[in-house]
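Quick notes on the structure that follows.
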Protein chains: 2
Amino acid sequence: MSNKLASLYLENQLCFPLYAASRLTTKIYTPFLNELDITYPQYLVLMILWQHPEQSVNEIGKKLLLESNTLTPLLKRMEQKNLIQRTRSKSDERSVVITLTENGLSLREKALSIPEKIADSFQDESISKEEVVSFKQTLDKLLGILAEKA
Amino acid sequence: MSNKLASLYLENQLCFPLYAASRLTTKIYTPFLNELDITYPQYLVLMILWQHPEQSVNEIGKKLLLESNTLTPLLKRMEQKNLIQRTRSKSDERSVVITLTENGLSLREKALSIPEKIADSFQDESISKEEVVSFKQTLDKLLGILAEKA
DNA sequence: TACATTTGTATCGTTCACGATTTAATCTCT
DNA sequence: AGAGATTAAATCGTGAACGATACAAATGTA
């Protein structure tokens, strides 16, 4: 990184490929998520709730690294779709508890096949399993560092 | 990937860490870009134009993997800020040519220090140079595969 | 008990991202 | 040359992200 000029090129930076890969990966999910009539961020919220069907906005936000300015509108849309319920916590009136509805819970079965389908669509590609594992390790490490900075 | 249930968890997937890392990395740029009064996508367009100060919307789109539905409004905002000019191509009236203004060109010098500042903010972290290089290689490979699919 | 501080959500405004569609220019092929 | 196909931008509507701010509940402290 000694060359300032070179570092101004897109292809020499890390942020751009992250940004582009993120967008394009999300796009791969889209056709499968369309079948469930949900978006990718909504799918993320559902995955979190499928693990523990009752969590506060704050807890969800910590897992997704999002704040209420993003989550509140997102969760309201999910409430309108009857995927979740939003209720003020009795024990702490500041907090809003999100609970899965029957409907939201039922999507879980349909979603079970999604990761497999995604994996399939990469099956014939020239990235080895070891490379993916090592890649994900560094990605997680990077994410840890970034999350600390935020 | 034998366990479908496990694969439904966020942390086993690649898409979520990419999504989160992309957002958080962009956030690291924000304070530096604020000094130039530009956003991250605007910075990307400028980097492309600093290499070749006259390119069509289409050419820019190919490099950023974005289409006119995203680029047209983005470029219009940049035109309003007097960073670029938008003119119909004479040789092909369908095409719109984007040219850097004096103002847009002049930001280049201020931007030169940004990659260094970003690198500095990761300096004390526990990721080796080799790990980053290998990571970027896989990321680029992944991006290539994704771009082909799109 | 009062009062300042912190915490959890919500709201607002701006900018992106993107699917779907439209329009006009160009290309192709006969 | 003319008809159909392709290409390049633009437009529209929806859903995110996110900084800044507001507000009420809870917590800490004098």
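Just so it is clear, the structure is predicted and the values come from calculations on it, not from any experiment. Proteins get letters first, then strands, A, B, ... in listed order; numbering begins at 1 in each. Just the heavy atoms: all of them, side chains too, but no hydrogens, waters or symmetry mates, feed the values below.
- Here A:T26 lies out of heavy-atom contact (under 4.0 Å) with every strand.
- Comparing B:R86 and A:T39, the nucleotide of DNA chain D nearest to each residue sits closer to the 5' end for B:R86.
- With 3.5 Å as the limit, one finds a donor-acceptor pair spanning the side chains of B:T138 and A:E131.
- Side chain of B:P41, nearest nucleotide from D:dT7, D:dA9, C:dA17: C:dA17.
- Note on A:T70: a base of the nucleic acid sits closer than 4.0 angstrom, heavy atoms only.
- Here C:dC18 presents its C1' atom at 11 Å from OH of A:Y19, a figure rounded to the nearest Å.
- Between the CG atom of B:D37 and the P atom of C:dT14 there is a distance of 14 Å, given to the nearest Å.
- Rounding to whole angstrom units, OH of residue B:Y40 and C1' of C:dC16 are separated by 13 Å.
- Using a 4.0 Å heavy-atom distance criterion, B:S91 is classed as a sugar-phosphate-only contact.
- Contact annotation: A:S95 side-chain N/O to C:dT9 OP1/OP2 distance is under 4.0 Å.
- Phosphate proximity of C:dT23 to B:R94: absent, as no side-chain N or O sits under 4.0 Å from OP1 or OP2.
- Between the side chain of A:Q51 and the backbone N or O of A:I48, no donor-acceptor pair lies under 3.5 Å.
- Among the protein residues, B:L74 comes within range of the sugar-phosphate backbone only, with heavy atoms under 4.0 Å from sugar or phosphate atoms but none that close to a base.
- Comparing D:dA25, C:dA10, C:dA25 by their nearest atom to the side chain of B:D92 picks out C:dA25.
- When distances run from any side-chain atom of B:R77 to the nucleotides C:dT15, D:dG15, D:dA17, the shortest one goes to C:dT15.
- Summarising the geometry, the separation between OH on A:Y29 and C1' on C:dA17 is reported as 18 Å, rounded to the nearest angstrom.
- Counting non-hydrogen atoms under 4.0 angstrom, A:E67 reaches nothing in the nucleic acid.
- Note on A:K76: only backbone sugar-phosphate atoms sit closer than 4.0 angstrom, heavy atoms only; bases stay farther off.
- As judged by a 4.0 angstrom heavy-atom cut-off over every strand, B:L66 is placed among residues touching the sugar-phosphate backbone only.
- In this structure, A:R23 and B:L146 have side chains that are not in contact, with every pair of non-hydrogen atoms separated by 4.5 Å or more.
- Note: B:E67 CD to B:N58 CG = 9.5 Å, rounded to the nearest 0.5 Å.
- At a threshold of 4.5 Å between non-hydrogen side-chain atoms, the residues B:C15 and A:Y40 count as touching.
- Following rounding to the nearest Å, B:L64 (CG) and D:dA9 (C1') show an atom-to-atom distance of 16 Å.
- Side chains of B:Q13 and A:Y29: a donor on one and an acceptor on the other come within 3.5 Å.
- For B:K110, the NZ atom counts as loosely surrounded, since its 6.0 Å shell holds 12 or fewer non-hydrogen atoms of other residues, nucleotides or ligands.
- Heavy atoms of B:N69 sit under 4.0 angstrom from at least one base atom.
- Ranking D:dT11, C:dA25, C:dT9 by closeness to the B:T72 side chain, first place goes to D:dT11.
- Nearest-nucleotide positions on DNA chain C place A:R88 closer to the 5' end than the other of A:L24 and A:R88.
- Using a 4.0 Å heavy-atom cutoff across all strands shown, A:S56 reaches sugar-phosphate atoms only and no base atom.
- Atom-to-atom, CG of A:L71 to C1' of D:dG15 comes out at 14 Å; the value is rounded to the nearest Å.
- With the nearest nucleotide of DNA chain C identified for both A:K62 and A:R23, A:K62 has the one nearer the 5' end.
- The listed nucleotides are D:dA10, C:dT15, C:dG8; the one nearest the side chain of B:Q42 is C:dT15.
- Atom pair B:L33:CG and D:dC18:P shows a separation of 14 Å (rounding to whole Å applied).
- Atom NZ of B:K90 is separated from atom P of C:dA24 by 19 Å (rounded to the nearest Å).
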